[in-house]
Amino acid sequence: MIPCPFKKLFGFECLGCGFQRSLFLLFKGEFSAAFYMYPAIYTTLLFLILVGLYFLDKSRNYHKVIWKAATLNIIFMCIGYIYKHFYI
């Protein structure tokens with residue numbers, strides 16, 4: 001796995017730490033383990049798919065949907081970060 005440069009520089013995890021491991025678990029078919037590793041895995045993948053559609057399909061306007069998915073993703077990332085650091 002690629003080490004987190006934020007964690008190396010500052011000594012604590014960033015909001016994205018755990019995404020690689022979670023994605024690896026998702027590819028192995030361990031869906032609940034992927035969610036527990038990084039709760040924002042599904043919203044992040046949704047966001048990335050929508051951004052990919054934005055670049056591939058220029059005929060539609062994806063701006064509002066992308067902003068809503070990004071907001072939802074940030075909420076999940078923050079909740080997962082708070083849960084991981086204060087309740088585990």
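The two residues L25 and A33 come nearest to each other via the heavy atoms CD1-O, 3.7 Å. When all heavy atoms of C17 and K84 are compared, the closest pair comes out as O-NZ, 3.1 Å. Closest of all the heavy-atom pairs between C78 and L15 is CA-CD2, 4.3 Å. Here the shortest heavy-atom pairing between Y38 and F19 reads CE2-CD1, 3.7 Å. Listed here is the closest heavy atom pair of M77 and A40: CG-CB, 3.6 Å. Listed here is the closest heavy atom pair of G80 and P39: CA-CG, 3.8 Å.
Heavy-atom contacts from other residues, nucleotides or ligands closer than 6.0 Å to CZ of F24 number 12 or fewer.
Tracing side-chain contacts under 4.5 Å through hydrophobic residues (I, L, V, M, F, W, Y), one never reaches L56 starting from L50; they form parts of separate clusters. V51 and L53 fall within a single hydrophobic cluster, where Ile, Leu, Val, Met, Phe, Trp and Tyr side chains are chained together by heavy-atom contacts under 4.5 Å. Residues V65 and L48 fall within the same hydrophobic cluster, defined by Ile, Leu, Val, Met, Phe, Trp and Tyr side chains chained together at heavy-atom separations under 4.5 Å. Placement of Y81 and L9 within a single hydrophobic cluster is found when ILVMFWY residues are connected by side-chain heavy-atom separations under 4.5 Å, directly or transitively. Transitive grouping of hydrophobic side chains (ILVMFWY, heavy atoms separated by less than 4.5 Å) keeps F35 and I79 in distinct clusters.
Each of L23, N73, I49 was scored for a side-chain contact (heavy atoms from CB on, under 4.5 Å) with T44, with one residue passing: N73. Partner Y42 forms a side-chain contact (heavy atoms from CB on, under 4.5 Å) with one of F31, F76, F47 and no other, that one being F31.
Contact annotation: the side chain of L45 approaches that of L26 to within less than 4.5 Å [non-hydrogen atoms, C-beta and beyond]. Between M37 and E30, every side-chain heavy-atom pair lies at or beyond the 4.5 Å cut-off. A 4.5 Å side-chain heavy-atom check between P3 and K8 finds at least one atom pair inside the cut-off.
Atom OG1 of T71 and atom CD1 of I66 lie 11.5 Å apart (nearest 0.5 Å).
A distance-only check finds a donor-acceptor pair linking the side chain of Q20 to the backbone of I2 [under 3.5 Å]. Side-chain atoms of Y62 never come within 3.5 Å of backbone atoms of D57 as a donor-acceptor pair (strictly under, hydrogens ignored).
Both tests pass for K58 against the ring of Y54: distance under 6.0 Å to the centre and angle within 45° of the axis.
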